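Below: the structure, in structure tokens.
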Amino acid sequence: MWEYSEKVKELFLHPRNVGEIENPDAVGEVGSMICGDALKLTLRIDRETERIIDAKFQTFGCASAIASSSILTELIKGKTLDEALKLTNKDIAEALGGLPKEKMHCSVMGREALEAAIADYRGEKRLVEEKGRIVCNCFEVTEEKIRKVAIENHLTTVEEITNYTKAGGDCGSCIPEIEAILKDIWSVKAPETPKRPKKMTNLQKIALIQDVIEKEIRPRLQADGGDIELIDIDGNRVIVGLRAMCVGCPSGGVTIEGIQKKLRELVSEDIVVEAQ
Amino acid sequence: MSVIYLDNNATTAVAPEVLEEMAPYLRDLYGNPSSMHTFGGQVRRKIEEARARVAALIGADPDEIVFTSCGTESDNTAVMSAVETYPHRRHVVTTRVEHPAVLNFARHLARKGFRVTYLPVDSLGRLDMDALSEALDDETAVVSIMYANNETGVIFPVRRIGGLLRERGILFHTDAVQAVGKVPINVKDLPVDMLSLSGHKLHAPKGVGALYVRKGTRFHPYIIGGHQERGRRAGTENVASIIGLGKACELAMQALERESSYVGTLRDRLEQALLQLCPDAMVNGDTGNRLPNTTNISFQYVEGEAILLRLDEHGICASSGSACTSGSLQPSHVLRAMGVPFTAIHGSVRFSLSRYNTEAEIERVIEIVPAVIKELRELSPYGRNGLGQG
Ligand SMILES: Cc1ncc(COP(=O)(O)O)c(C=O)c1O
């Protein structure tokens, strides 16, 4: 059971500003039903003063997602767009009397919906590709978002990033990448990854590749109902047969790129993995 | 506010008769069952009575029952014993829908270099028997497959699985934690070598369990120390709880048939009414072959934690497979293995009943749940009741 503040409970049970504004001046939609939470924010904006006259929300999600959405609409009503944009996810969480740390991503979702709505109003609809490189495929979290949330909230650990963005919270294959991003931001030392041997004979290399696939990659795939078979090793090329459990399922997170990354990390930088 | 408790697969109320049976051993009769004196000896006799009662419920000999600290310990012990006693067999078979007590233990073994096969299930949560027979080889140390699933209640074909494994000479452990006390089980004519059960799922206290080990099965203890449980499980016994487990098994045995039909009737009434009153709802799992007390229903377009907390406001206790309720960001591995769409997993609610539920309670739940679902759908951007197009 989560420890929610009285304010979260109150707004979850009696949310304000529920619904959808007809012919809205701005719409911000974030999240998806697959990811487990989604928020649609509609705004009425005075075109003269750029002031938010009305805001309504619809949310699919847990209690804190609903409460975050509700408080967001209350916080932005009456503000100009520029004022509203200054709102951070921390402001949302604070107005709720705090959120459990695992639920901070709900406040981040609120802020994102607001940004999306304002971008929509200003005609700044950005294409998905422009939003930057996706780091966490399970929850479609971009590097840009991780950096932004990390800096704004002074996050230094992967666990915190997961709490705030969900990134790394499912298959976990992007955790080394999140570590690298954090290291880059704070230039603190991320935990050492296992060092790979410096010089190897071909035979040693083949044995190590087999070992990494058996011990590191296979169990993870099998846990999700998939499997991997090492078919051939030709110089730097590692050819594998891959059986994923369900294509497109967010937990089928082990991909050719993921396997390649692991082998590069643990065996040799120049490895190229190919599926047969 | 009175509580309507429909979360009996999570844990159950301790039966009043059980509590009464235990009380003297918490108060006055605190002797150590291993002691030589009469004061301890009387406790020992009571433990042996409990052993006989547990054995009777599943058709075992008392000698075949080892008391443990919980279902998880029974599961870990069984699988570990198999791999310890067959050191040259480095392969373990289980399913994708096991309780973490087995699943995470299998993953632990995989990290230690064991080969582990996780068998798939179909969309109704039924085991793929062909996959099982294909998975077996000369290296297989043990197959661990649950008797009934805790989330959906789906019952596995333990007899057929055991038959196949007997032919191949492979050890079979079944996690029957959810089944014991809910459906009749008789190991005399069931080809299993080891079977786990847990007290708190059948109206005994938490923190006590048992492992059935068929006579002649090679066994290696998991907890090593003193000679308790004839060397099969060291540590001074959790006396009162073991006595409670014995009593709970006796109660279950006396009333099993009557109770399971009573509970089944209430469950069916609840399930049918909810499906009828809530649009876009569906049952997860094979309704033709389930525990009588369990129903797992997905309410599309709404999220499980929100449903549970709104129900909580009315004193109704249930659980969900949604990501937000799992304590991680991952929704139910069971429903995922069944291929239930994510949209339906997030809105899944498990209601699990017991002998203590009443018709009046069920009628009240039938009133409240559809209203809660409707309210939450009005908040949701998805679905027919949502105002938007989603
Ligand atoms: C199927 C199954 N196996 C094992 C367990 C673990 O039992 P315990 O809580 O006694 O460790 C549970 C209970 O949650 C269960 O449902």
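Please read these numbers as outputs of a predicted model, since none were measured by experiment. Order of the sequence lines fixes the chain letters, A, B, ..., with proteins taken first and strands second; residue numbering starts at 1 for each chain. Note: hydrogens, waters and symmetry copies are ignored here, and every other heavy atom, side chains too, is used.
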task: List in chain and number order the residues that pass salt bridge (charged side-chain N to carboxylate O under 4.0 Å, His left out) with A:D25, two or more places apart in sequence or in another chain; answer none if no residue qualifies.
output: A:R44, A:R47
- prompt: Do other residues, nucleotides or ligands put more than 12 heavy atoms under 6.0 Å from the CD atom of A:E10?
  reply: yes
message: Using the salt bridge (charged side-chain N to carboxylate O under 4.0 Å, His left out) criterion, which residues pair with A:D211? Sequence neighbours excluded.
response: A:K215
message: Tell me every residue that passes salt bridge (charged side-chain N to carboxylate O under 4.0 Å, His left out) with B:R350, counting only those two or more places apart in sequence or in another chain.
response: B:D7
- prompt: Would A:K77 and A:D54 satisfy side-chain contact (heavy atoms from CB on, under 4.5 Å), going step by step from the backbone distance to the final call?
  reply: CA-CA 6 Å; A:K77 266 205 224 179; A:D54 198 9; 3.4 Å; yes
- prompt: With a 4.5 angstrom heavy-atom cut-off, which part of A:T42 approaches chain B: side chain, backbone, both or neither?
  reply: neither
- prompt: Is it the side chain or the backbone of A:K103 that comes within 4.5 Å of chain B heavy atoms, both, or neither?
  reply: side chain
field: A:E265/A:K261 ion pair, N-O < 4.0 Å
entry: no
field: A:L13, part contacting chain B, at a heavy-atom distance under 4.5 Å
entry: both
task: Decide if atom CD of A:E216 counts as having more than 12 heavy atoms of other residues, nucleotides or ligands within a radius under 6.0 Å.
output: yes
query: Within residues 303-315 of chain B, which positions have a heavy-atom distance to chain A below 4.5 Å?
result: B:E303, B:E305, B:A306, B:L309, B:R310, B:D312, B:E313
